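A short worksheet on the structure shown next.
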Amino acid sequence: MNRIFLTRATLPDFDEYVEEIRNIWETHWVTTMGPRHNKLEEMLEGYFQSGKTTLFVNGHNALEAAISSLKKKGEIITTPFSFISTTHAIVRTGNIPVFCDISEKDFNIDVDQLEKHITNKTIAILPVHTFGIPCDVEAIQRVTEKYGISVIYDAAHAFGVRYKGKSIANFGDMSVFSFHASKVFNCGEGGCIVSNNSNADGYLKMYRMFGINNDKSEIVGTNAKMNELSAALGICNLRHISETISRRKEIYDYYMDRLVDVKGVKIEKADVDIDQNYSYFPLRIDSQIMPNKRDAICSNLNDLGIQVLRHFYPIIPDHPCYHVSSAKNNDLPVARKISEEILLLPLYDFLSINEADYVIESLKNALDNRGKI
Ligand SMILES: *Cc1c(COP(=O)(O)O)cnc(C)c1O
């Protein structure tokens, strides 16, 4: 069997993409708010059925833009259990990250612990819909309203997710999506902000274009525009997004049925009011039954040609760049525990059932062989 990757980019039919980019060769309009850029922005706005959508070159720059649009600096409460980009965006925009522990149920920020981190310097909360499972958006809204602070969701994992029938982009002041090749919907590289605060839109458009508005630069912006080739890929992929998500669901359900009762692994099921996007298949190697065996299982599977990932490990404050820095709060027992147990299985739209079977059998063997590894 060929090596099985954790994820592989969803690509449209080659001819469909060529058709979409043909006109670029006629007009030579390759970037800077071209027709495909604007069309994709419109298509996304229709897809989200929420606030204003602003397209970006990638999710990380979109996160920095969203934070900058608050036009304040101070402390931002965030999760330690995420991709490093979430905290980098806080620090690179001149703010201080304050880490709040996560909940064991969904690996998202623990809303019961939010209030104890709020000070008179707190300007915002930046939670992540981890692995595409929505945060407790209602409780977060209650806290942010009570203290008059903003909430920006890092929704990089949550494209296509719905909560109580509504697109996840409807919650919070802004949601930031990533269209990186590894995400459920991709443009190669890309991202966007969906903003429910109409005042932010003009700022965000200037920000991605060097701060320029009508020939004059009003703010110290950056270059974060999406080019036409990426936008064309997005347009094609967006046409097929529901097929992509239902293919992912098939694999996800296949894994779930065969692994949920296996001794030594713990898998959380999403609540019924969530429409998932099946972006990842996370499971925990139960450290009570199999203490300190996650890493051995991980390398065992990798040796068998199956790319599994410890995601996220280590937690963000344990990365060298934050270890001795401004990051406050090292008391994060749940995040540390999950980070030591978590494993992501390969999942993408064209993973075959044969490959999924090989992953399942290899994982079961690795668990049974616990004496030997
Ligand atoms: C992918 C990702 C990002 C960064 O998005 P890019 O498009 O790669 O810049 C930020 N946060 C999280 C949680 C992510 O998974």
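Just so you know, ligand 1 is whichever comes first in the structure, and atom 1 is the first atom listed for that ligand. No experiment lies behind these values; they were computed from the predicted model shown.
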K39/E20 ion pair, N-O < 4.0 Å = yes
Show the numbers, then the answer: is there a side chain to side chain contact (heavy atoms under 4.5 Å, CB included) between T119 and E75?
-> CA-CA 8 Å; T119 71; E75 295 176 352; 2.9 Å; yes
Determine the sole option in L55, I168, D154 for which the side chain to side chain contact (heavy atoms under 4.5 Å, CB included) test with F177 is passed.
-> I168
If you measure only the distance, is there a donor-acceptor pair under 3.5 Å linking the side chains of Y278 and D253?
-> no
N/O contact list for ligand 1, threshold under 3.5 Å:
from: ligand 1; atom 1: 5 (O); to: S178; atom 2: OG; distance (Å): 3.3
from: ligand 1; atom 1: 7 (O); to: G59; atom 2: N; distance (Å): 2.8
from: ligand 1; atom 1: 7 (O); to: S178; atom 2: OG; distance (Å): 2.7
from: ligand 1; atom 1: 9 (O); to: G59; atom 2: N; distance (Å): 3.3
from: ligand 1; atom 1: 9 (O); to: H60; atom 2: N; distance (Å): 2.8
from: ligand 1; atom 1: 11 (N); to: D154; atom 2: OD1; distance (Å): 3.4
from: ligand 1; atom 1: 11 (N); to: D154; atom 2: OD2; distance (Å): 2.8
from: ligand 1; atom 1: 15 (O); to: H157; atom 2: NE2; distance (Å): 2.9
from: ligand 1; atom 1: 15 (O); to: K183; atom 2: NZ; distance (Å): 3.2

Tell me, please, which residues at least two apart from S299 pass side chain to side chain contact (heavy atoms under 4.5 Å, CB included).
-> none
Qualifying residue, where the test is side chain to side chain donor-acceptor pair (under 3.5 Å) with R36 and the options are T31, N23, N227 | N23
